[in-house]
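One structure below.
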Protein chains: 2
Amino acid sequence: MTTRGTRAEQRERTRQALVRESRRLFATLGYGAVGLSEIVRAAGVTKGALYHHFSSKAELFRAVLEQVQEEVAERIAETADAREDTWEQLVSGCQAFLTVSTDPVIQRIMLVDGPAVLGWSEWRAMNETTSGRHLAQVLGDLIEEGTITAQPVEPLTHLLSGAMNEAALWLAASKDPADLDDTQNALVAMLRALRAT
Amino acid sequence: MTTRGTRAEQRERTRQALVRESRRLFATLGYGAVGLSEIVRAAGVTKGALYHHFSSKAELFRAVLEQVQEEVAERIAETADAREDTWEQLVSGCQAFLTVSTDPVIQRIMLVDGPAVLGWSEWRAMNETTSGRHLAQVLGDLIEEGTITAQPVEPLTHLLSGAMNEAALWLAASKDPADLDDTQNALVAMLRALRAT
DNA sequence: AAAGTTCACGTACCTTCAGTACGTGAAGGA
DNA sequence: TCCTTCACGTACTGAAGGTACGTGAACTTT
């Protein structure tokens, strides 16, 4: 094999090829239905290369999931940060999540296989460092400024993120385009319920 | 092997043994970490017997999940049906779900591995025939009687069931016993938001 | 610049697992 | 009593994840 460029460059190229191709395959076929041989063939390398970069199939999946999580978090933050009002940041952020998460590619990796492959607690921890943190942050701010009734933040965070995850999965499978609007309306209604009187 | 009793009896006994032992193992180790050899050893049969009853490992898991789903649905219905008022049925049913689903055994099978092993849509369909149907039923009744603001039932159902699933998973991992109360309070507050003015 | 070291892989192999083919003996019917 | 059915047990296979070790180019050292 003709190795191009410096060693660090080559290393990075191989790693990215593995992550990119496995992300594609995991998303379309699901973690369990994708073999390592299929991945390395698509990436144009061998299993030796894969195990030089990742200690296991699950570790490779973790790398993919991290990438997906960061992308989702970024796209949500983009939308939310465009708003001035904290309350509007919450609402628009939630709506952005519902829109972004409709992508089946994101769904399978982030919402379906993620918890099963890495275990729920690890999956939770990863969420917490990306998009979950934003949600908790905004909710905390809103409680502090008195917009939302004083209460523990964590239960609220999990209730909302769970509601949105499930709704996103359902929306992806639904045919009626009106479902998205209906869901967002119901969600906003629930959010409004949290507001202090 | 000394087969006791009639053929139908024996058949049922082995099937139940397989379901019982695999349920135990799936719950404690997770679907992926349990081998069929381990299951048949625990059940006191061989792989021939397993594949005579179930066409695949996933099918065996499906049988286990069905059993778990029915148990959960029954326990919730028990609590909810004790109430006269439809609204109180919703509230007590939701609270019952949070309490029941705290069991790690139920969690791993029903909430973590279920969607990944069977695929989300099949998992959703199974839910729909058990506990999910009760929730949709009650919500529909409440909308019909005007207690809840008129709106499509499905989005609401998914938002709520998703919120409760995630909350249950979090509660199981949490240490603070006050978390359960906090979550139930937050949930009830969200439910109340749905009420027509 | 030559020799030595590191490292990013490739090759060959092992183990385990889900799944299959086929044999067997008791239950049930004729 | 004979024949069929069926609920398994036994023995095997292919594929999958994972490992041990070799190799040659990139870097370091002298």
Side-chain angles (χ1 to χ4, degrees), chain A residues 1-26 28-65 109 113 116-119, chain B residues 1-26 28-65 109 113 116-119:
Chain A
M1 181 180 182
T2 55
T3 46
R4 282 275 160 225
T6 175
R7 228 161 42 186
E9 284 172 3
Q10 179 58 27
R11 177 183 171 84
E12 193 53 27
R13 259 202 302 274
T14 312
R15 191 193 141 91
Q16 282 181 5
L18 282 167
V19 171
R20 171 169 24 95
E21 293 305 314
S22 58
R23 169 173 172 166
R24 231 196 27 172
L25 292 165
F26 284 155
T28 54
L29 303 174
Y31 178 83
V34 177
L36 294 184
S37 49
E38 209 169 342
I39 293 175
V40 296
R41 196 192 323 136
V45 293
T46 62
K47 278 167 54 166
L50 196 157
Y51 276 95
H52 181 69
H53 286 272
F54 305 96
S55 62
S56 70
K57 187 186 178 187
E59 270 303 308
L60 172 59
F61 178 83
R62 168 195 291 278
V64 172
L65 179 53
I109 292 174
D113 285 334
V117 173
L118 302 180
Chain B
M1 182 183 179
T2 55
T3 46
R4 282 277 160 222
T6 176
R7 255 207 319 228
E9 286 172 359
Q10 179 58 27
R11 178 182 171 83
E12 193 54 27
R13 258 202 302 274
T14 36
R15 192 193 138 90
Q16 282 181 4
L18 282 167
V19 171
R20 172 168 24 92
E21 294 305 314
S22 58
R23 169 172 173 166
R24 230 198 25 176
L25 291 165
F26 284 155
T28 54
L29 303 173
Y31 177 84
V34 177
L36 294 184
S37 51
E38 208 171 343
I39 293 176
V40 296
R41 196 192 322 140
V45 293
T46 64
K47 276 169 55 168
L50 195 157
Y51 276 94
H52 183 67
H53 286 271
F54 306 96
S55 62
S56 69
K57 187 187 178 186
E59 270 302 307
L60 172 59
F61 179 84
R62 169 194 291 276
V64 171
L65 179 55
I109 292 173
D113 284 335
V117 173
L118 302 179

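To find a chain, count down the sequence lines: A is the first, B the second, and so on, and within it residues start at 1.
Both A:Leu50 and B:Gly32 sit near DNA chain C, but only A:Leu50 has its closest nucleotide nearer the 5' end. Ranked by how close their nearest DNA chain D nucleotide is to the 5' end, A:Gly48 and A:Tyr31 are led by A:Tyr31.
For the pair B:Val19 and B:Val64, the minimum side-chain heavy-atom distance is below 4.5 Å.
At whole-Å resolution of the value, CZ in A:Phe54 and P in C:dC9 are 11 Å apart. Between the CD atom of A:Glu59 and the P atom of D:dG18 there is a distance of 11 Å, given to the nearest Å.
Note on B:Arg41 versus B:Glu38: no salt bridge recorded, every NZ/NE/NH1/NH2 to OD/OE distance being 4.0 Å or above.
Checked by distance alone, B:Lys47 brings no side-chain donor or acceptor within 3.5 Å of a matching partner on the base of D:dG9.
Using a 4.0 Å cut-off, no side-chain N or O of A:Gln10 falls inside it from OP1 or OP2 of D:dA26. A:Arg7 has no side-chain polar atom (N or O) that falls below the 4.0 Å cut-off from OP1 or OP2 of C:dC7. Contact check, B:His52 against D:dC8: no side-chain N or O comes under 4.0 Å of OP1 or OP2. Side-chain nitrogen and oxygen atoms of A:Thr6 include at least one within less than 4.0 Å of the OP1 or OP2 phosphate oxygen of D:dC27. Of the side-chain N and O atoms in A:Thr46, none sit less than 4.0 angstrom from OP1 or OP2 of C:dT11. Between A:Thr14 and C:dC9 there is a side-chain polar atom (N or O) within less than 4.0 angstrom of OP1 or OP2.
Using bins of under 30°, 30° to 60° and over 60° for the plane-to-plane angle, the ring pair B:Phe26/B:Tyr31 lands in the tilted bin.
Counting non-hydrogen atoms under 4.0 angstrom, B:Gly35 reaches the backbone sugars and phosphates but no base. B:Val34 comes within contact range of the sugar-phosphate backbone alone, with a heavy-atom separation under 4.0 Å but no base atom that close.
Here A:Arg13 contributes atom CZ and A:Leu18 contributes atom CG; the two are 13.0 Å apart, rounded to the nearest 0.5 Å.
The listed nucleotides are C:dC17, C:dG28, D:dG18; the one nearest the side chain of A:Lys57 is D:dG18.
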